[in-house]
S.K.: 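Handing you a structure now.
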Amino acid sequence: MATAEKAYYVGTDMNCGGACLLKVHVKDGVITRMETDDGDEPQLRNCLRCRAYRQRVYSPDRLLYPLKRAGERGEGKFKRISWGEALDTVASQYKRVKETYGPAAMIYLTTGGDIGQVHNTRTAVRVFCLAGGCTLMWGVASNEGWMFACQATYGYPVGNDHRDLPNSKLVILWAMNPAVIIDGCGTAYHLALAREKGTKFIVVDPRYTDTAAMVADQWIPIRPGTDAAAMIAMAYVMITEDIYDKAFIDKYTVGFDKFKEYVLGKEDGVPKTPKWAEAITGVPARDLVQLAREYAMIKPAALLPSKGPGRTAFGEQFHRAAFTLAAMTGNIGKSGGSAGSEITQRGEIPFAMGQAMKTGGNPVDAGSPMRKDALPTPISKGPGLVARLHNSEIWDAILKGKAGGYYSDYKMVYIANCNYLNQYPNVNKAVEAMKSLEFIAAQEQFMTPTAKFADIILPTCTFLERNDAVWGAGPHVAYQKKVIEPLGESRSHLAICDDLAARLGITGFNDKTDEQWLEQIMTPCVGDFEKFKETGVKKYYNAPSIPFKKEIGDIENSPFPTPSGKIEIFSQQIADMNNPLIPPIPKYIETWESRNDPLAKKYPIQMTSTHPKRRSHSQFDNIPWLREVDPQVIWLNGKDAKARGIRDGDLVKVFNERGEVVIKAKVTERIMPGVADLPEGAWYNPDKAGVDHGGCANILTIDKRSPGGAFTSNSCLVQVEKA
Ligand SMILES: Nc1nc2c(c(=O)[nH]1)N[C@H]1C(S)=C(S)[C@@H](COP(=O)(O)OP(=O)(O)OC[C@H]3O[C@@H](n4cnc5c(=O)[nH]c(N)nc54)[C@H](O)[C@@H]3O)O[C@H]1N2
Ligand SMILES: Nc1nc2c(c(=O)[nH]1)N[C@H]1C(S)=C(S)[C@@H](COP(=O)(O)OP(=O)(O)OC[C@H]3O[C@@H](n4cnc5c(=O)[nH]c(N)nc54)[C@H](O)[C@@H]3O)O[C@H]1N2
Ligand SMILES: [Mo]
């Protein structure tokens with residue numbers, strides 16, 4: 001007998017940082033339609049991606065059965081097998097690799113992925129740690145530069161709470177684009193509230209973003225990778241016009257004098273004037289002067305840097321410079337101000353949400369020394385280990401191993417929750433590396449460009465097919481109800497890991513059901529777990545948290561957790577690294593592949609790869625509704641297009657020494673001349689000659705990390721020609 005349709009509120013989970021709320025209608029075990037939060041304000045409304053999620057769940061391309069490779073790596077030919085055979089193969093390959101080459105020869109590849117408490121990327125880490133160890137990664141693609149800068153300057157990373165934005169008189173969105181980048185559900189809404197209150201908005205970005213269109217009073221286009229120069233010139237204006245907050249600098253910071261010497265040119269003979277910065281950044285000196293004056297004199301003001309400019313060579317310097325300006329204007333620890341952080345504040349939700357099941361120590365990490373170029377702080381302990389591979393260097397490490405100076409030779413990878421080949425730089429090198437491995441296993445929902453290289457594919461279900469919980473920047477926590485049964489034979493992360501653990505001889509891996517875990521984790525934060533399950537969400541209405549309010553309120557008793565106890569504009573810890581490419585004060589260092597690089601003669605266009613509106617990275621690339629809304633194109637300025645005889649909608653070749661992409665051009669004045677943008681995440685789709693027709697940006701990006709660990713995808717020179 002047919003049952004009535006029911007609707008459930010479900011927190012979402014797909015690597016965009018949103019954790020927004022879906023209203024999912026279900027009838028007879030089938031999702032019939034999807035809406036969004038229509039409950040209490042502030043509503044946690046979904047964007048286009050979540051609203052199209054039904055097409056993702058029921059996509060004809062979903063992987064429903066375990067698969068075994070039946071053709072060449074990358075060819076995409078597979079044969080259906082049983083779960084028993086799939087997991088036996090993975091377990092026996094891990095044991096073989098560990099016994100033959102040592103546990104470091106197995107790399108666990110993952111990105112942040114899901115943010116669920118029970119089903120997440122840490123679950124498989126725990127399996128391999130308990131089974132003898134594996135190589136783990138460092139260098140978070142999102143924001144390693146920011147984290148490095150936070151550790152050095154403040155002692156720990158902390159994000160802003162978007163609910164405080166309407167208290168700002170001036171907001172400088174330094175490449176921040178919350179109208180598209182949901183990272184913190186509700187940020188765009190709070191920008192709109194601020195705008196209504198009369199807050200002034202300035203956007204600094206090579207592109208006129210959707211957010212600029214929504215709120216900006218002024219758009220300042222800037223060349224990629226040059227932001228630190230602009231900020232240092234702003235410091236020059238504030239110092240020479242004597243408009244910075246000296247009392248704040250004296251009380252809360254160390255090392256400003258050394259920075260001042262550099263800014264005024266006493267250190268290197270080059271005064272960092274607005275004219276100096278104009279030549280580097282392309283921003284007229286008068287605009288930099290005005291920006292500096294406004295930021296110094298309109299109070300309180302929030303300079304909000306996004307992660308995008310940090311994803312460049314020497315991206316650490318951008319964040320260190322932003323923090324220094326926040327200190328010079330005395331905006332740290334104050335309502336309406338900002339420490340120059342991202343909008344990621346979930347920290348002061350009044351509960352401690354545990355990580356379901358601790359990871360346990362990794363025997364490979366335990367045997368490893370520290371890198372010389374890591375900060376000796378607790379946060380960097382993992383990333384600082386020599387045994388860890390930087391995300392940008394993974395393909396090189398696989399191809400070269402110990403002979404190339406890496407910690408081990410690498411023979412096997414286990415991939416969960418990421419589309420690694422597509423999402424990390426230098427795809428052509430990735431293809432070569434993946435072909436060279438002895439064994440590859442992938443947990444996937446779709447036949448992604450990465451999954452095509454796997455020997456065994458373990459089909460994973462979506463968040464609508466298992467129980468979990470997520471937290472978000474509302475701030476809120478949301479329940480993820482299993483609204484339908486897993487499709488086909490797909491399974492949840494934890495279910496896969498349970499079976500794999502058993503095959504690897506691990507006892508006591510998991511003694512609870514998903515519900516028991518959730519009850520244990522969630523009860524302390526939501527109180528009534530049953531009610532939480534029923535309503536699907538709990539929103540918190542505590543006062544907005546202000547990063548570093550405690551330290552600024554009482555520095556004597558609440559010092560910053562830095563060696564000096566203060567905000568470190570000069571960092572002795574960095575000085576001790578003795579690396580001129582990681583200077584102890586924020587400096588402008590010209591990036592590789594800048595417009596002055598000799599390579600620019602051949603490849604004169606600076607290419608960025610921004611995060612796309614219609615995808616969360618590569619997720620949703622195959623969803624028809626979304627392809628229609630926002631086709632993959634490369635943005636090109638009219639001046640550059642005209643010089644090349646390219647018209648809007650023409651197919652163009654985008655290439656450099658690493659590879660070639662053929663894609664449609666969008667000719668627009670919304671991007672500055674000399675810069676092109678190919679949004680990241682489109683699926684690699686090569687022809688026989690290896691030319692990509694999918695629009696995958698990482699065909700072109702360089703696999704080289706910044707000295708402090710930043711991902712450098714926005715430092716990339718290309719040439720564009722009519723195809
Ligand atoms: N829709 C959507 N939202 C997402 C994601 C997604 O894939 N899709 N991914 C999520 C994740 S994991 C992350 S890490 C965040 C990323 O969030 P962001 O890093 O903020 O996003 P991006 O679009 O890469 O970059 C933001 C802006 O930086 C500009 N930009 C690039 N290089 C430079 C530069 O050198 N200088 C300056 N001034 N601007 C520059 C770009 O033009 C772009 O408008 O987004 C999250 N949210
Ligand atoms: N050129 C360039 N490259 C970039 C960036 C850039 O700005 N420019 N940004 C970088 C950044 S910040 C990031 S965070 C990375 C992201 O890189 P990835 O994390 O690799 O990107 P996703 O496309 O989100 O890949 C997630 C994959 O996991 C699969 N999956 C398996 N199990 C599950 C599950 O249970 N749930 C979900 N939701 N998915 C599952 C999905 O189907 C999908 O294929 O990309 C980086 N790459
Ligand atoms: Mo990210």
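First listed ligand is number 1; within each ligand, the first listed atom is number 1.
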S.K.: If you take the nearest heavy atom of each of S609, S492, C461, which one is closest to atom 2 (C) of ligand 2?
M.R.: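 The option holding the nearest heavy atom is S609.
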S.K.: So between L63, L678, N417, T448, whose heavy atom ends up nearest atom 26 (C) of ligand 2?
M.R.: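 Nearest option to atom 26 (C) of ligand 2, by heavy atoms: N417.
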S.K.: With distance as the sole criterion, is a donor-acceptor pair present between the side chains of T701 and N698 under 3.5 Å?
M.R.: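 Side chains of T701 and N698: pair found under 3.5 Å.
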S.K.: For atom 10 (C) of ligand 1, which candidate among N15, I181, N177 holds the nearest heavy atom?
M.R.: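 Nearest option to atom 10 (C) of ligand 1, by heavy atoms: N15.
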S.K.: Could you check which of H617, Q423, H611 puts a non-hydrogen atom nearest to atom 9 (N) of ligand 2?
M.R.: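 Result: the heavy atom closest to atom 9 (N) of ligand 2 is in H611.
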S.K.: Does even one non-hydrogen atom of G681 get within less than 4.0 Å of ligand 2?
M.R.: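 No, G681 has no heavy atom closer than 4.0 Å to ligand 2.
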S.K.: Between ligand 2 and S142, is the shortest N or O to N or O distance under 3.5 Å?
M.R.: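 By distance alone, the answer is no.
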S.K.: State which residues pass salt bridge (charged side-chain N to carboxylate O under 4.0 Å, His left out) with E660; sequence neighbours excluded, sorted by chain then number.
M.R.: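 Here no residue qualifies.
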S.K.: Any non-hydrogen atom of E465 lying under 4.0 Å from ligand 2?
M.R.: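 In this structure, E465 fails to qualify as a contact of ligand 2 - no heavy atom is under 4.0 Å.
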S.K.: Which one of D621, T462, N622, N419 has a non-hydrogen atom at the shortest distance from atom 20 (O) of ligand 2?
M.R.: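 Of the listed residues, N419 has the closest heavy atom.
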S.K.: Tell me if the centroids of the rings in W592 and F314 come within less than 6.0 Å of each other.
M.R.: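 Ring centres of F314 and W592 closer than 6.0 Å.
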S.K.: Nearest to atom 43 (C) of ligand 2 by heavy atom, K307, Q445, R56, E444: which?
M.R.: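 Heavy atom nearest to atom 43 (C) of ligand 2 belongs to E444.
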